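First up is the structure itself, then whatever we jot down about it.
For ligands, and for the atoms within them, numbers begin at 1 and follow the listed sequence. Please read these numbers as outputs of a predicted model, since none were measured by experiment.
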Amino acid sequence: MAFTIPQNCTGCGSCAAGCPVQCIEMQADLEGFRYPQIDAARCISCQKCEKMCPVIRSAPAQAQPQAYAVKHRDDEVRIRSSSGGVFPALAELVLADGGVVCGAVYADDFSVVHQITENAAGIEKMQGAKYAQSRTEHLFSEIRRILEAGRWLLFVGTPCQVAGLKAFLGKDYEKLILVDTICHGVPSPEAWERYLRYRREKDADDSVINAINQRDKCSGWSNYGYSVRIDYQNGKTYCTQQNKDIYLQGFVNNLYLRPSCAQCLFKGNARCADLTLGDYWGVWDQYPQADDNKGVSLVLVNTQKGAAYWERIGEALDAFPVDLQAALAQNPSAVSSSAPHEKRDLFFERMAACEFGPLVSELLFGASQKQSLLGRILRKIRK
Ligand SMILES: Cc1cc2nc3c(=O)[nH]c(=O)nc-3n(C[C@H](O)[C@H](O)[C@H](O)COP(=O)(O)OP(=O)(O)OC[C@H]3O[C@@H](n4cnc5c(N)ncnc54)[C@H](O)[C@@H]3O)c2cc1C
């Protein structure tokens, strides 16, 4: 019997990567999210795909983690990172141990994809959160080969990606460090592409994009003060605080998240990762002396292996233990799924036909301010 794809498939791709006859391909649906497509004629009904599906296999519940507030000691490293720069410190340690690091980068076309690197330049490209769902499954077999060769490997991704890799591997490796992020949810790659097209036309006469930073700290980090910055080849730059960027507004209001993010199985105590990284939102109230507006991370140490690795990292980071419940209270995405915006379906129905910015603005805030101003003027004239 062929694989029945679970309703809340996360698109991790472990089924496609593990199929012994390669009869499963990941393909984007109309919303732009990737799902397995099975060639039933080639399927041998071995059911390996079901055994490797992290949604079908339930994730083990874990003990209460230890929580820390953390900052990288090098401010320049921290500025390039989303929050406190914990990821680059973990990555440096793995490289120093002769290992490799797997994390998310922007591809040449600025779609988001996981890559494997063995050097500092590769780590730098991985720094910073990229708010679109990343692809991972093309690397799963390579990751297993590296681990079988006895090398250290650090994998960083969303909780469902970590669960997917773990299910694909099917056993623990002593030198595998799994790290997930606190995750609000993953936006549609198609929405991301349409946003970039909209920005290029609006800001830069369709110029090519040179660089993107969705967590730029030129306007700070505290009180969610970070900015989105896009640099274009024609010398123009778009830079605006996150609460004025239409893409991030749609993201935080759950307008184009993956359906499975509405019922995430890998949050809270169900984490598969050794360590969890997030922003320490609210640190400015709880520990104001630790907040210098350049970013503070919240780190959860979930497993014994995570604790052993965490012990070794001391040098590069400033860290102090914090109360887990108090920290999580400021960061609901750590434990709760993101309920879809009531106009999510309408967004995807109209996405292909409408200009990205005005569509999101209309769905989130009603008629644009310009239109309502015009309406007010017209009404006055008619009186
Ligand atoms: C989609 C998404 C949603 C998030 N939501 C929250 C949230 O609600 N609350 C919160 O506290 N933190 C959230 N985070 C995590 C946070 O933004 C930082 O990534 C985290 O705090 C690590 O920061 P850092 O300074 O240590 O690492 P950085 O140097 O910023 O490194 C970022 C790491 O995240 C990985 N990464 C980047 N983009 C992606 C992606 N699209 N998919 C998978 N992995 C990726 C990179 O490989 C890298 O390892 C989210 C991250 C992502 C990617």
- request: Starting from atom 5 (N) of ligand 1, find the nearest protein heavy-atom neighbour and note its residue, name and distance.
  value: His184 N, 3.0 Å

query: Parallel, tilted or perpendicular: which describes the rings of Phe251 and His184, with under 30° parallel and over 60° perpendicular?
result: perpendicular

query: At under 4.0 Å between heavy atoms, which part of Thr181 makes contact with ligand 1: side chain, backbone, both or neither?
result: side chain

query: Looking only at atom types and distance, does a side-chain atom of Asn331 sit under 3.5 Å from a main-chain N or O of Gly278, one as donor and one as acceptor?
result: no

- prompt: More than 12 heavy atoms of other residues, nucleotides or ligands under 6.0 Å from CD1 of Ile44: is that the case?
  reply: yes

- request: Check each atom of ligand 1 against the heavy atoms of Tyr131 and keep those under 4.0 Å away; list them by number with element.
  value: 1 (C), 2 (C), 3 (C), 17 (O), 52 (C)

message: Around atom CD of Gln286, are there more than 12 heavy atoms from other residues, nucleotides or ligands closer than 6.0 Å?
response: yes

- request: Identify, by atom number and element, the atoms of ligand 1 in contact range of Asn331, meaning under 4.0 Å from any of its heavy atoms.
  value: 9 (N), 10 (C), 11 (O)

- request: Just need the protein heavy atom nearest to atom 35 (C) of ligand 1, so name the residue and atom and give the distance.
  value: Val156 CG1, 4.2 Å

- line: Out of Val105, Ile182, Leu257, Thr158, the nearest non-hydrogen contact to atom 6 (C) of ligand 1 is supplied by Ile182

- line: Checking heavy atoms under 4.0 Å, the part of Gln133 that sits near ligand 1 is neither

message: Under 3.5 Å between any N/O of Ala132 and any N/O of ligand 1: does that happen in this structure?
response: yes

- prompt: What protein heavy atom sits nearest atom 37 (C) of ligand 1, and how far away is it?
  reply: Gly128 O, 3.5 Å

- prompt: Just by modelled atom types, is the Asp29 backbone N or O under 3.5 Å from a matching donor or acceptor in the Arg34 side chain?
  reply: no

query: Tell me: protein heavy atom nearest atom 29 (O) of ligand 1, and distance?
result: Ser81 OG, 2.5 Å

field: Pair Tyr238, Asp245: side-chain N/O donor-acceptor within cut-off below 3.5 Å
entry: yes

query: If you measure every N/O of Pro88 against every N/O of ligand 1, is any gap under 3.5 Å?
result: no

query: Is there a donor-acceptor pair under 3.5 Å between the side chain of Lys294 and the backbone N or O of Asp291?
result: no

- line: shortest atom 1 (C) of ligand 1-to-protein heavy-atom contact is with Gly185 O, 3.5 Å

- request: Would you check whether Gly295 reaches within less than 4.0 Å of ligand 1, judged by its heavy atoms?
  value: no

message: Does ligand 1 come near enough to Ser134 that some N or O of the ligand is less than 3.5 Å from an N or O of the residue?
response: no

task: Quick one: look up the protein heavy atom nearest atom 18 (C) of ligand 1 and list residue, atom name and how far away it is.
output: Ser82 CB, 3.7 Å

message: Under 4.0 Å from a heavy atom of Gly278: which atoms of ligand 1 are those, numbered in the order shown and with their elements?
response: 11 (O), 12 (N), 21 (O)

- line: atom 43 (C) of ligand 1 has as its nearest protein heavy atom Gln161 OE1, 3.3 Å

Contacting atoms of ligand 1, where contact means under 4.0 angstrom from a heavy atom of Gly103: 47 (O)

statement: A student checking ligand 1 against Lys130 at a 4.0 Å heavy-atom cut-off should list atoms 37 (C), 38 (N), 39 (C), 40 (C), 41 (N)

- line: Atoms of ligand 1 under 4.0 Å from any heavy atom of His114, numbered from 1 in the order shown, are 43 (C), 44 (N)

Cluster companions of Leu153 among Ile, Leu, Val, Met, Phe, Trp, Tyr (side-chain spacing under 4.5 Å): Met52, Val100, Ile116, Leu139, Phe140, Ile143, Ile146, Leu147, Phe155, Val162, Leu165, Phe168, Leu169, Tyr173, Leu176, Leu178

- request: Please answer whether the main-chain N or O of Thr158 pairs with a side-chain N or O of Gln161 as donor and acceptor at a distance below 3.5 Å.
  value: yes

- request: Please say which of Asp203, Asp231, Asp205 ends up in a salt bridge (charged side-chain N to carboxylate O under 4.0 Å, His left out) with Lys236.
  value: Asp205

- prompt: Within a strict 4.5 Å, meaning less than it, do heavy atoms of the Ile24 and Cys15 side chains meet?
  reply: yes

- request: Determine, considering heavy atoms only, which of Pro332, Ala104, Ala91 sits nearest to atom 39 (C) of ligand 1.
  value: Ala104

statement: If we number the atoms of ligand 1 from 1 as shown, the ones under 4.0 Å from a heavy atom of Ser333 are 8 (O)

message: Below 30° counts as parallel, above 60° as perpendicular, anything between as tilted: where do the rings of Phe320 and Tyr287 land?
response: perpendicular

Pairs flagged by ring pair (Phe, Tyr, Trp, His ring centres under 6.0 Å) wherever residues 22-43 is involved - sequence neighbours left out: none

query: If you count the atoms of ligand 1 from 1 in the order shown, which ones are under 4.0 Å from a heavy atom of Ser83?
result: 20 (C), 21 (O), 22 (C), 23 (O), 24 (P), 25 (O)

- request: Using the six-membered ring of Tyr226, assess whether NZ or CZ of Arg215 lies under 6.0 Å from its centre and within 45 degrees of the ring axis.
  value: yes

task: Compute the shortest N/O to N/O distance between Val112 and ligand 1 and return yes if it is under 3.5 Å, no if not.
output: no

message: For Arg215, state whether at least one heavy atom is located under 4.0 Å from any atom of ligand 1.
response: yes

message: If I apply the N/O under 3.5 Å rule, does Phe87 come out as touching ligand 1?
response: yes

- request: Check if Arg80 has a non-hydrogen atom at a distance under 4.0 Å from any atom of ligand 1.
  value: no

- prompt: Sub-3.5 Å donor-acceptor pair from the side chain of Arg258 to the main-chain atoms of Thr10, do we have one?
  reply: yes

query: Parallel, tilted or perpendicular: which fits the ring planes of Phe347 and Tyr256, with parallel below 30° and perpendicular above 60°?
result: tilted

- request: Return the orientation label for the Trp192 and Tyr106 ring planes: parallel under 30°, perpendicular over 60°, tilted otherwise.
  value: parallel

- request: Say whether Pro187, considering both its backbone and side-chain N or O atoms, lies within less than 3.5 Å of an N or O atom on ligand 1.
  value: no

query: How close does the nearest protein non-hydrogen atom get to atom 16 (C) of ligand 1, and which residue and atom is it?
result: Asp279 OD2, 3.4 Å

field: The one among Lys125, Met126, Glu124 that brings a heavy atom closest to atom 46 (C) of ligand 1
entry: Met126

